[in-house]
Structures are given as structure tokens and as C-alpha cells.
Amino acid sequence: MNIFNTLSNSKKRLDVPRVRIYLCGVTVYDDSHIGHARTIIVFDVLKRYLESAGTSVELVQNFTDVDDKIIKRARAESSSAGVISERYITSYFRDFDELHVIRADSYPKATEHIDDIVEFIKILEQKGAAYSTQNGVYFAVSSFSKYGALSKKKTDELQSGARVEVDDSKRDPLDFALWKFSGDDPSWESPWGRGRPGWHIECSAMSTKYLGENFEIHGGGRDLIFPHHENELAQTESCTGAPFAKIWMHVGMVTIDGEKMAKSTGNVRSVRHVLDMWGPNIIRLFCISGHYSKPIDYTEDLLCADLARWRQAETCYFELLHARGQKDGAPDALGEMVISFDNAMQDDLNTHLALSAFFSIIKMTNQMAADGTLGRNNADAIKTELDRMMKILGLVIPEMEKEEMQKIDELIIQREEMRKERKFNDADRIRDVINGMGVELLDHDGRTVWVKREEIRAEN
RNA sequence: GGUACGGUGGCAGAACGGUCAUGCGUGGGCCUGCAAAGCCUAUACAAGGGGGUUCGACUCCCUCUCGUACCUCCA
């Protein structure tokens, strides 16, 4: 498949049997929000798609568990950094398991790789790319000629635009910390003095440790391009002397009602909140409804549109389960739609177009169900394809208990008898009971199909 | 100020040098005992402004303009 590479500013072909991906995960100092969810869901879909196409994928996603914000929070709560990060790692997994995100192959933490980080800095020092001051150890940006290639920035412009107070002890304002001296919790001994790692170094040390020097995809949110990924790229290539990731893949930002998510203004939607409101399927649909590289706006209207589409998918799924039509033979159009789904995914993970194909299959199916041409063979052929797509997209129709399904079938038979006897009040009462179970009845010509509706709180 | 990305119908959002997807919404209809769901059908002056290239541009080029993001907190 092709994936857009931020570094080369062009799509790059990715045709290898094994794809190694390093995804910059979250800093665990607070609950995850919808922006994190989008990035992680996009990579989850990428992984699922590659694997469905027979590619083996190794996904490594870090937790940043040493950071000023964690320390600040720990102080505010008279707690420790370890307690804070453990708490939010736990809530991360709770949130993202519920979002149907398949677990990565490993989730390395900065605090568990201090030795690797120290080794990494040692090499940089030996190569003359790092130096110490009274505050810490710094990477010398001037030692890396390609600095700025990823973010398309020129070093002289960066300096003039710097908006942070300059640390005079650094040789160059652009230089960034590899190791910060500090005796506070958390801190570790190092050849240069007690302290903790800088932000970028953990990803360099851990990605190369787990995936090698030159792995296929390095990803994260667009906001990480500068400085995080630029700095990672500089220090890693300086250390290894080899090219770093082959493709840099960046996911666009999520805005809320047209504005940047900012904790300071309370303009944030946590994963917990959106899951409670909309459930996993609609959130996933929302996250992949536009192209991953572009920004997407979280608004109630858009989520409602995704809800409407999800309802159609549910209807289709149960129509397929109950298919009894007379005519049969797999519809020709199905093959074309499957091809356009795969073509869309192949072309830079164009989930928007892939969803178009997915929903055109659903529309076609509901059409056949409506005019009675959805036979068993048709249904099976369609269901096979739809199941495959849903698996790739991570959409899941909730499972039902056998007893519940039997109960529904019994009630429908009872209702049918009442209807035949034209006892509509009784029939409607049974329908109310069924509705109360979260099940909707679709009365077709002479037969009734039922649909289990996922309960969506936002709908009420 | 610099850099990047973008401005397509009421909203969202693709592709493409010539026929302007698709979804949501809205109007009408079908089905139904009623409803729901679903289907059918209609709807939309659609391309920020101005130049240019071309037989022909939403699609390529230039320019202006507006928006968003980033410029060491950030997914």
C-alpha cells in the first residue's frame, strides 16, 4: 500500500512482508481524550488492514511516564509520579479496550528504559553531538545538518521565532535536553549526574531497541512533528549513523466545535465521556470518517450523522442474519464494492472512501431485503465481505445471549398470532415488551425481522 | 513574522483536465392495522476573489484573500 511520508512530502510505497511501527503514545498524567483516540484508532485500523492483507505487523507504542506534568500532578496530590502514571495507564487500557483497539505488541515505558537511554546519550556524547552544562546534557542541533527536514523548518527562522525564555547555558537556543539534572522524584543516577531523561530521548532509545534502527513507520499526531519527531530524528540518526524510520505518518488534530482542544478553556472531550455518550462504534466511525491526515471537528451534528449510519449497518447486519428471500446468486456489484474498499485502503489508508464502499454494500443489502431478493447465498456472500470490513475497521455488533434471541423469536410468534386475529392492542403490547429489550421490529411483507439496537446514551 | 495544510451544495466530505461521488439533512411516495426500520424519488445557483495555461479546469500555474495548525506543553 501507499502511505504519505511527512519527511519526503510524498506517498511512499510499502510492499514488505513485515511492517514495524512505532507509535508515540500518551503522557500518562490525565485521562485520554478524543484526539488521542483518533490517532490510536487510525493506527489500529492500519494494523488491522495490513494484517488482513497478510502482512505481519509489529506495533510498539510507548507510555511517557516521566514528565513535568506528571511530577506537577504528583505534587498537587501529595503523591508520587509512579502512582499517577500507573493510575492513568490503567485508565488508558480501560478506555481503549472498550474502543476495540487491539493491544500493541508492547507498551514500553521511559522509566523502565533508563539504562538504554543513558547508553544512547553516551554514544551521542562520544560522537560529539551532546554536551553537558550545569543544568543537564543537551543535543547540539548544529551537529546535525539535516535538522529541520521533517518539519520543513530552517534553523535560523526557528531561532527568531522562539517564544520560550532562552537558557543561556545552552550553546544554541535550539539545543534540547537529553538529560535534566534533578534530585527530586523521579530521578536516576547517570554518568553526568542525578536526573531524569528529556522528553524526546525515550522514543529514540525505545524505538530502536524494539524495532531496530531502520523500521518502516513512525507515527503520532501532527503536533508531534515539531519539536518531538524532529528532535528524535536528529538524535537517533546521529547516534546510529543510519536512516531512521522509512515513513513518518502523522494524524490530523481533532477540534471541538471548531476550536482547538485546550485544557485551559475546558474545551476537551475525554475518551471516557465520548464512550459514555456514543459507544465505541460511533466513535470509531467518527475517527475514520475523514482522511487521517486532515483535521476533524467534533460536533454533535457529525456524531449524529455517524449514529444514523451505524443504525443502517445494524439493520443490514440483522437483515443478513434473517435472510429468507427467494431469488439468489451473489450480486455482481458486490465484487466492485469490495475492490473499491480495498483500493481506498491501499491508497494512504483512505478510510473515508472505504466507508463509502462499505455503506454502499449496506445500502444494496437493505435494498434487496426490502424487495425480497436477499436469499441465503446472497446473504452469506455479503456477510463474509462485511464481516471482513468490520473487522478491519474495528466495528463490532454486540453479541447476544442465545436465550435472549429465543425469547425474542417466541414473542414475535405470539405477536404474529395477535395480529392475525386483529388484536392490535395485544400485538402492540408485545411489541412494547420487545422494544423494552432494546430490540426493534421490522415488519416486512409477511415476515418480521428484528434488530438489536446498541444503546446510545446521546440519543436520549 | 515564518512554515504547513486547507477554503467544494444547508452540513460533512472525496475523486477527477471534459460525465461535478457519497453520507447526513430536507420534500414527496412505497411498505404497515398503526408505527418503526428500510426502500424509491426529488432537492441543491456547489467549488473564496482575480488572472493565466488549455479546445475544455473544481481539478494545473500565478496572485490576492480567508481559515486552521505548528514555531521547544501537546495525539
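To find a chain, count down the sequence lines: A is the first, B the second, and so on, and within it residues start at 1.
A close approach under 4.0 Å does occur between a side-chain nitrogen or oxygen of A:Trp199 and OP1 or OP2 of B:rC74. Side-chain nitrogen and oxygen atoms of A:Lys152 include none within less than 4.0 Å of the OP1 or OP2 phosphate oxygen of B:rG2.
Picking from B:rG33, B:rG23, B:rA75 the nucleotide with the shortest atom distance to the side chain of A:Arg415 gives B:rG33. Listed nucleotides: B:rA75, B:rU32, B:rG6. Nearest to the side chain of A:His36: B:rA75. When each of B:rA75, B:rC24, B:rC70 is scored by its nearest atom to the side-chain atoms of A:Arg309, the top-ranked nucleotide is B:rC24. Closest to the A:Asp428 side chain, of the nucleotides B:rA15, B:rC34, B:rU72, is B:rC34. Distance from the side chain of A:Ala305 is smallest for B:rC24 among the nucleotides B:rG2, B:rC74, B:rC24. The side chain of A:Lys153 approaches B:rC70 more closely than any other nucleotide in the set B:rA75, B:rC70, B:rG38.
Between A:Phe43 and A:Val251, the closest side-chain pair of non-hydrogen atoms falls below 4.5 Å. With a 4.5 Å cut-off on side-chain heavy atoms, A:Lys383 and A:Tyr317 count as touching. Between A:His200 and A:Gln235 there is a side-chain heavy-atom pair separated by less than 4.5 Å.
Side chain to side chain, A:Glu319 and A:Thr365 fail the donor-acceptor criterion of an N or O pair below 3.5 Å. Side-chain N/O atoms of A:Asp65 and A:Tyr88 include no donor and acceptor closer than 3.5 Å. At a cut-off of 3.5 Å, with distance as the only test, no side-chain donor of A:Trp450 or A:Glu440 sits close to an acceptor on the other residue. Residues A:Asp297 and A:Thr255 bring a donor and an acceptor atom of their side chains to less than 3.5 Å of each other.
Counting distance only, with no hydrogens placed and no angle test, the side-chain atoms of A:Asp443 and the base atoms of B:rC34 include a donor-acceptor pair under 3.5 Å. The base of B:rC34 sits within donor-acceptor range of the side chain of A:Arg431, with an N or O pair under 3.5 Å. Scanning atom types as modelled, no donor and acceptor separated by under 3.5 angstrom connect the side chain of A:Asp306 and the base of B:rG23. Between the base of B:rA75 and the side chain of A:His228 there is no donor-acceptor pair shorter than 3.5 Å.
Map A:Asn350 and A:Phe176 each onto its nearest nucleotide of RNA chain B; the residue landing nearer the 5' end is A:Asn350.
Residue-level contact check: A:Gly35 touches the bases, meaning some heavy atom is under 4.0 Å from a base atom.
Whole-Å rounding puts the A:Phe226 CZ to B:rC5 C1' distance at 18 Å. In this entry the distance linking CH2 of A:Trp450 with C1' of B:rA36 reads 17 Å, nearest Å. Put simply, CG on A:Asn267 is 14 Å from C1' on B:rU68, counting in whole angstrom units. Distance, A:Phe341 CZ to B:rU22 P: 19 Å, rounded to whole Å. The nearest whole Å value for the distance from the CD1 atom in A:Ile296 to the P atom in B:rA12 is 12 Å.
Taking a pair as Watson-Crick or G-U wobble with both distances under 3.5 Å, RNA chain B forms stems of 3 or more consecutive pairs at B:1-7 with B:65-71, B:10-12 with B:22-24, B:25-30 with B:38-43, B:48-52 with B:60-64.
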Under 3.5 Å, which protein N or O atoms sit close to an N or O of nucleotides 39-41 of chain B? Give each pair with its distance.
from, atom 1, to, atom 2, distance (Å)
B:rC40, OP1, A:Gln367, NE2, 2.3

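Rounded to whole Å, the P atom of B:rC58 lies 13 Å from the corresponding atom of B:rG51. Remark: the separation of the C1' atoms in B:rG28 and B:rA46 is 24 Å, to the nearest Å.
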Decide salt bridge (charged side-chain N to carboxylate O under 4.0 Å, His left out) for A:Asp185 and A:Arg75; before the verdict, give the C-alpha distance in whole Å, the side-chain angles of both, and the deciding distance to 0.1 Å. CA-CA 10 Å; A:Asp185 166 67; A:Arg75 288 209 184 116; over 6 Å; no

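Not less than 6.0 angstrom separates the ring centroid of A:Phe226 from the ring centroid of A:His229.
Classification of A:Asp68 and A:Lys180 as a salt-bridged pair holds, one side-chain N sitting under 4.0 Å from a carboxylate O.
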